[in-house]
Amino acid sequence: MSVLKLKPACKDYLWGGHRLAEEYGIEYDGEILAESWELSCHPDGPSVIVNGPFAGLTLEEYIEKEGKQVLGNHCRRFRDFPILIKFIDAKQNLSIQVHPDNKYALKNEGQYGKTEMWYIMDAGEGAFLYYGFKKEISKEEFAKRIEEDTLLEVLNAVPVHKGDVLFIESGTIHAAGPVRVGIDIGGTDTKIGLVDVNQQLLASTVIPTEAETGAEAVIKRIGEAVLALMEKEQIAMDQCIGVGVGVPGTVDRKRGTVVYSNNIRWEKVALAEQLSAYLPVPVQIANDADCAALGEAASGAARDYQDVVMLTLGTGIVNIVNIFRPQALLLGGGTAAQGEVLLAPIRDMVKTGCFGGVHGELPEIRTTELGNRAGMIGAANLL
């Protein structure tokens, strides 16, 4: 790994001064240097590499050439390079702005929104920043004050001094904490859920899988359905940790590929990669039955155990117990709805059929608790 030196993009906005060139050594020949974009992949002002074998490339071109892995793991959740670092010299008053959040900007502008952090390197006497409102005002009053040019009367002017730091958040966060998306793809229907840090299903939706339309079309509908659900629940994309998908069949988790699925007739489908085109966050996939078991282990009938086996069929229970010796054995599927009518004879069978019988460590035998939610919650726990 080598250090890349970048040449900034310079902006000559009318309100700027010239201190960035005079006092901070930024190379610039113009009379006004309002902003110096030091770290940028923004098309309006990309940084350019000035050293090493990649000299002359913009930062964005370098990332495209070498791959996103050069940015490390934490940037995988972003579709585009998520940071813009700039120096600003405001000699005159700047315009009053409100930056959109990611949800609005991605939908309407095709790019991320803008949350800002300001560090005040220097400030003149009486310098201030407008930061929110002095009081809560209605949408109607806001519009009227813009029309009458009286908006400044209700803006909150915050004095600033050298060394101050201000965090200016875009939009409004409507979720109490980060969420994960859990997707359970079935032969007939696909279930999509939003799962919080407490393993609670915040919201869910069901769409027809329509496997006959092909993998590409199915993945597109799933991606669009996830975006629609998040918009309905007013959850921004930057609140999403990632997406987990349970899919029937043989899965290559490392590559994010469905090797083969008889249920939905998929073969060698790059599910994680294709879904990431709609959802710019990490995507993990696993077999749907494994996800259902993981869901029960995370917040269902198996949450109090470390070693669990889950069956969705009623056969082979004496061998499963003898091989794995689990603390608990869960029965799911339609048959499990019989409850104790089913469980009582199975417990008796296990007592007599397991090695050591009642003298051994027999597992507790229970039915699952989460029902059709297990796959979504389990898929979310792939993250």
Side-chain angles (χ1 to χ4, degrees), residues 180 182-193 195-196 198-201 204 206 209 211 244-253 258-264 284-383:
R180 294 158 293 165
I183 301 172
D184 185 8
I185 300 178
T188 302
D189 294 320
T190 292
K191 295 179 284 292
I192 301 169
V195 180
D196 67 11
N198 298 312
Q199 310 296 358
Q200 297 300 306
L201 192 63
S204 63
V206 180
T209 302
V245 187
V247 59
T250 305
V251 171
D252 185 337
R253 289 195 58 189
V258 180
V259 179
Y260 178 74
S261 175
N262 184 60
N263 298 46
I264 53 179
Q284 298 287 337
I285 73 171
N287 173 268
D288 59 344
D290 291 344
C291 287
L294 181 57
E296 292 290 342
S299 65
R303 61 185 174 272
D304 296 324
Y305 306 100
Q306 291 182 320
D307 304 309
V308 177
V309 170
M310 176 175 163
L311 302 177
T312 54
L313 299 174
T315 59
I317 295 176
V318 172
N319 288 336
I320 290 291
V321 173
N322 281 330
I323 293 171
F324 293 103
R325 289 293 180 179
Q327 292 177 296
L329 187 143
L330 307 183
L331 298 179
T335 306
Q338 300 177 50
E340 285 299 317
V341 175
L342 172 68
L343 297 181
I346 290 179
R347 291 190 183 108
D348 291 337
M349 178 185 67
V350 169
K351 287 179 183 177
T352 58
C354 283
F355 181 78
V358 295
H359 303 290
E361 297 181 359
L362 298 179
E364 183 171 350
I365 300 176
R366 306 175 59 180
T367 55
T368 56
E369 293 181 359
L370 299 180
N372 62 12
R373 296 174 295 157
M376 292 182 287
I377 295 176
N381 277 273
L382 296 174
L383 281 301

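Everything quoted here is computed from the prediction, not taken from an experiment. Below, all heavy atoms of this structure are taken into account, side chains as well, without hydrogens, waters or symmetry copies.
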Looking only at atom types and distance, does a side-chain atom of E296 sit under 3.5 Å from a main-chain N or O of L370, one as donor and one as acceptor? yes
Residue pairs passing the salt bridge (Lys or Arg N to Asp or Glu O under 4.0 Å) test where at least one lies in residues 367-383, sequence neighbours excluded: R303-E369, R366-E369
So which atom in G339 and which in T367 form the shortest heavy-atom distance, rounded to 0.1 Å? CA-CG2, 4.5 Å
Sorted by chain and number, sequence neighbours left out, salt bridge (charged side-chain N to carboxylate O under 4.0 Å, His left out) with D307 holds for none
Excluding sequence neighbours, so at least two apart, what forms side chain to side chain donor-acceptor pair (under 3.5 Å) with D252? R255
Between CG on residue L329 and CD on residue E364, distance to nearest 0.5 Å: 10.5 Å
Nearest heavy-atom neighbours spanning T368 and A301: CA-CB, 4.2 Å
Partners of D288 by salt bridge (charged side-chain N to carboxylate O under 4.0 Å, His left out), sequence neighbours excluded? none
Please step through side chain to side chain donor-acceptor pair (under 3.5 Å) for the pair D304 and Q327, ending with a clear verdict. CA-CA 10 Å; D304 296 324; Q327 292 177 296; over 6 Å; no
Nearest non-hydrogen partners of A289 and N287, listed with the distance: N-OD1, 2.8 Å
What pairs with N263 under side chain to side chain donor-acceptor pair (under 3.5 Å), at least two apart in sequence or on another chain? none
Mind listing the closest non-hydrogen atom pair of L201 and G193 along with its distance? CD1-CA, 3.8 Å
Run the side-chain contact (heavy atoms from CB on, under 4.5 Å) test against A379 and tell me which residues pass, sequence neighbours left out. C291
Pairing residues for R253 by the salt bridge (charged side-chain N to carboxylate O under 4.0 Å, His left out) criterion, not counting sequence neighbours: none
The criterion is side chain to side chain donor-acceptor pair (under 3.5 Å); which residues satisfy it with T209, sequence neighbours excluded? T190
Nearest heavy atoms of P248 and S261, plus distance in Å: O-OG, 2.7 Å
Can you name the side chain to side chain donor-acceptor pair (under 3.5 Å) partners of D290, sequence neighbours left out? none
Could you check whether any side-chain heavy atom of R180 comes within less than 4.5 Å of a side-chain heavy atom of Q199, counting everything from C-beta outward? yes
For residues 338-347, pull every pair meeting salt bridge (Lys or Arg N to Asp or Glu O under 4.0 Å), keeping only residues two or more places apart or in separate chains. E340-R347
